[in-house]
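First comes the structure, then the notes that go with it.
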Amino acid sequence: MIELQLTDDHDALVQTVREFAQKEVAPYIKEWDEKQESHREIFEKMAALNLLGVCIPEQYGGAGFDYISLGLVCEELEAVDTSLRVAMSVHTGLNSLTLYTWGTEEQKQKYLAPQAKGEQLATYGLTEPGAGSDVVGARSTARREGDEYVLNGEKMWISLAGFADNFLFFCWTDEEKRRNRDHSGMSCFIVERTMKGFTSGTIHGKLGIRAGNTGYFSLQDVRVPKENLVGEEGEGFKIAMFALEQGRFTVAAGATGVIRASRDASVAYANERETFGTKIANHQLVKQKIADMEADYEMSRLLWLKAGWLKNLGQPSGRATSLAKWQATVRSEKAASMAIEVHGANGYSNDYPVERYLRNCKAAVIYEGTRDIHTLMQADWALGLKKEKPARKTLPAWQPADSHRTVAL
């Protein structure tokens with residue numbers, strides 16, 4: 001039988017995250033957004049609740065919750081502000097779940113465990129100034145010298161670039177394959193901020209997610225030990241695609257939180273604001289917008305929950321995750337825009353949060369695969385032109401633990 005009800009553990013986790021976000025973020029987010037401030041200490045508070053390793057097994061320092069729990073955390077965080085969900089996406093979704101699946105036991109002990117505990121922050125370096133969706137257009141390289149690799153290259157639009165301690169770095173290890181655009185010549189490495197030749201900077205003037213740290217980093221003859229190679233040489237592209245799938249899952253859940261926040265803000269305003277001698281909640285076109293938000297929320301939530309359910313079972317979820325990400329992000333943009341319309345002129349001011357929702361949600365339509373990429377992917381799956389090909393490594397099915405390491409507020 002299909003079970004559509006969350007467990008008691010899920011409900012308790014949602015309540016914990018909701019209370020945390022309302023207490024530690026909501027009162028300050030308008031100021032942080034205006035000043036374009038990022039605060040690392042907020043991640044320390046998230047770590048204290050074991051949120052940064054929520055779905056990582058306890059043996060590696062995590063809380064041991066399932067993958068649906070990761071989605072629940074992301075939905076709750078983004079309902080308050082996108083910046084915190086972005087941190088979950090890159091730290092947990094893109095990096096930690098990749099190390100959990102593809103990393104050696106030594107890599108898991110050295111990097112995954114402190115990341116899951118929140119002792120270190122981590123992120124993901126794939127996008128370059130001249131290569132976004134065109135992954136094989138990347139120019140970063142690595143050459144083997146004895147027991148080390150020498151890495152060179154630049155990465156752009158990296159969340160937590162100014163805070164992260166560890167980075168996944170994707171680059172070419174085979175020059176001939178790079179010239180032929182053969183992705184089997186790409187590899188993945190773990191890079192530490194403290195390694196000589198590593199530098200980073202922050203991007204300012206963003207449309208949205210202004211309270212989130214976004215930047216770039218550069219590697220100039222950075223030497224990393226061969227033990228920092230993730231997977232095998234030539235598996236970098238597959239690892240990158242695996243990581244993106246996990247990231248898309250977190251983005252889908254987060255975007256669903258934006259829809260919910262837009263709906264809730266619109267309902268509250270509609271029940272308060274009066275025009276033409278009545279509450280605007282009584283105007284039919286206002287009702288239409290709120291009804292659309294309600295429908296979009298329920299549909300988007302079911303889509304990401306299905307993807308999380310497949311992940312829990314250890315079944316292929318690329319197609320489901322792509323659909324959830326595509327639909328949730330597109331519908332979040334629609335919901336945020338309608339919420340501004342419900343608020344009228346007030347919605348155009350940051351006296352109300354809906355203008356921030358619209359600015360923030362636009363980025364998610366682009367990263368982790370643009371809406372255009374996902375449109376083509378879904379069409380190819382429907383037409384039978386695309387299959388979910390099994391990789392050498394797959395995300396392990398969730399194994400329930402006897403208890404969960406979480407802290408109540």
Side-chain angles (χ1 to χ4, degrees), residues 52-53 56-57 59-62 90-128 135 138-155 158-178 183-201 215-243 246 391-393 396:
L52 295 177
I56 303 299
Q59 70 184 98
Y60 297 118
V90 297
H91 176 89
T92 307
L94 290 166
N95 191 303
S96 291
L97 285 179
T98 298
L99 291 183
Y100 173 48
T101 304
W102 290 86
T104 64
E105 186 61 29
E106 291 73 21
Q107 289 170 346
K108 292 175 185 177
Q109 295 297 334
K110 184 176 181 180
Y111 296 106
L112 177 59
Q115 289 174 194
K117 296 173 185 176
E119 297 169 354
Q120 295 181 345
L121 287 177
T123 189
Y124 175 88
L126 179 64
T127 300
E128 298 188 1
V135 175
R139 296 179 178 273
S140 297
T141 62
R143 69 176 186 274
R144 181 76 179 266
E145 289 189 1
D147 291 336
E148 296 179 320
Y149 286 87
V150 181
L151 277 51
N152 284 278
E154 297 181 355
K155 299 296 178 179
I158 308 302
S159 299
L160 298 184
F163 292 157
D165 302 289
N166 307 321
F167 303 75
L168 290 183
F169 183 76
F170 296 87
C171 57
W172 292 97
T173 46
D174 189 313
E175 178 60 23
E176 182 177 355
K177 290 184 176 181
R178 185 188 74 81
H183 66 69
S184 65
M186 301 187 77
S187 300
C188 175
F189 297 88
I190 303 170
V191 175
E192 301 172 19
R193 175 177 295 279
T194 55
M195 290 177 170
K196 184 178 179 181
F198 178 93
T199 56
S200 68
Y216 56 88
F217 63 86
S218 173
L219 276 65
Q220 297 184 4
D221 291 333
V222 174
R223 292 182 173 271
V224 302
K226 60 181 177 59
E227 290 79 15
N228 280 33
L229 173 68
V230 181
E232 301 173 357
E233 271 199 26
E235 288 189 318
F237 182 85
K238 293 180 180 179
I239 295 171
M241 295 304 105
F242 167 89
Q246 316 320 316
R392 187 172 66 85
K393 299 279 189 176

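Looking at every heavy atom in both residues, Gly231 comes nearest to Arg392 through CA-NH2, 4.0 Å. In terms of heavy atoms, Lys155 sits closest to Glu128 at NZ-OE2, 2.8 Å. Of all heavy-atom pairs between Leu168 and Cys188, the closest is CD2-SG, 4.1 Å. Minimum heavy-atom separation, Gly201 to Ala161: O-CB, 4.3 Å. Contact detail for Glu105 and Tyr60: the closest heavy-atom pair is OE1-OH, 2.8 Å. Here the closest heavy-atom approach between residue Gly61 and residue Lys117 is recorded as O-CG, 3.7 Å.
Under the 3.5 Å distance criterion, with hydrogens and angles disregarded, no donor-acceptor pair is assigned to the side chains of Glu233 and Ser187. Counting only N and O atoms by type, the side chains of Arg144 and Thr173 include no donor and acceptor under 3.5 Å apart. In the model, Asn166 has a side-chain atom that pairs as donor or acceptor with a side-chain atom of Gln120 under 3.5 Å. For Thr141 and Glu175, the side-chain atoms include no donor-acceptor pair closer than 3.5 Å. The closest side-chain donor-acceptor pair between Tyr111 and Glu106, if any, does not fall under 3.5 angstrom. Donor-acceptor pairing under 3.5 Å is lacking for the side chains of Asn152 and Gln220. Side-chain atoms of Lys177 and Ser184 include a donor-acceptor pair closer than 3.5 Å.
Side-chain contact check for Leu112 versus Ile56: some heavy-atom pair is nearer than 4.5 Å. Residues Thr127 and Val135 have side chains not in contact (no heavy-atom distance under 4.5 Å, counting atoms from C-beta outward). Inter-residue side-chain proximity for Thr199 and Phe217 is flagged as unmet; no heavy-atom pair is nearer than 4.5 Å. Under the 4.5 Å side-chain criterion, counting only non-hydrogen atoms from C-beta, Pro396 is in contact with Thr101. Side-chain atoms of Val191 and Asn228, non-hydrogen and from C-beta on, never get closer than 4.5 Å to each other. Counting heavy atoms from C-beta on, the side chains of Leu52 and Gln115 never come closer than 4.5 Å. Put simply, the side chain of Leu99 reaches to within 4.5 Å of the side chain of Val230, judged on heavy atoms.
A salt bridge does not link Lys238 to Glu235: none of the charged side-chain nitrogens sits closer than 4.0 Å to a carboxylate oxygen. The existence of a salt bridge linking Lys110 and Glu227 is excluded, since no basic side-chain nitrogen approaches an acidic carboxylate oxygen closer than 4.0 Å.
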Trace of the side-chain contact (heavy atoms from CB on, under 4.5 Å) decision for Glu192 with Asp165: CA-CA 6 Å; Glu192 301 172 19; Asp165 302 289; over 6 Å; no

Stepwise side-chain contact (heavy atoms from CB on, under 4.5 Å) test for Met195 and Val224: CA-CA 8 Å; Met195 290 177 170; Val224 302; 3.4 Å; yes

side-chain contact (heavy atoms from CB on, under 4.5 Å) between Ile239 and Thr98, worked out: CA-CA 7 Å; Ile239 295 171; Thr98 298; 3.5 Å; yes

Audit row: Phe169, Leu219, side-chain contact (heavy atoms from CB on, under 4.5 Å) steps and yes/no: CA-CA 10 Å; Phe169 183 76; Leu219 276 65; 4.0 Å; yes

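Remark: side-chain polar atoms of His91 are not paired, donor with acceptor, to backbone N or O of Leu121 under 3.5 angstrom. Distance alone, capped at 3.5 Å, places no donor-acceptor pair between the Lys226 side chain and the Asp147 backbone. Checking side-chain atoms of Arg193 against main-chain N and O of Ala164 turns up a donor-acceptor pair under 3.5 Å.
For an aromatic pair to be called close, the ring centres must be under 6.0 Å apart, and Phe170 with Phe189 fails this. The distance between the ring centers of Phe167 and Tyr124 does not fall below 6.0 angstrom.
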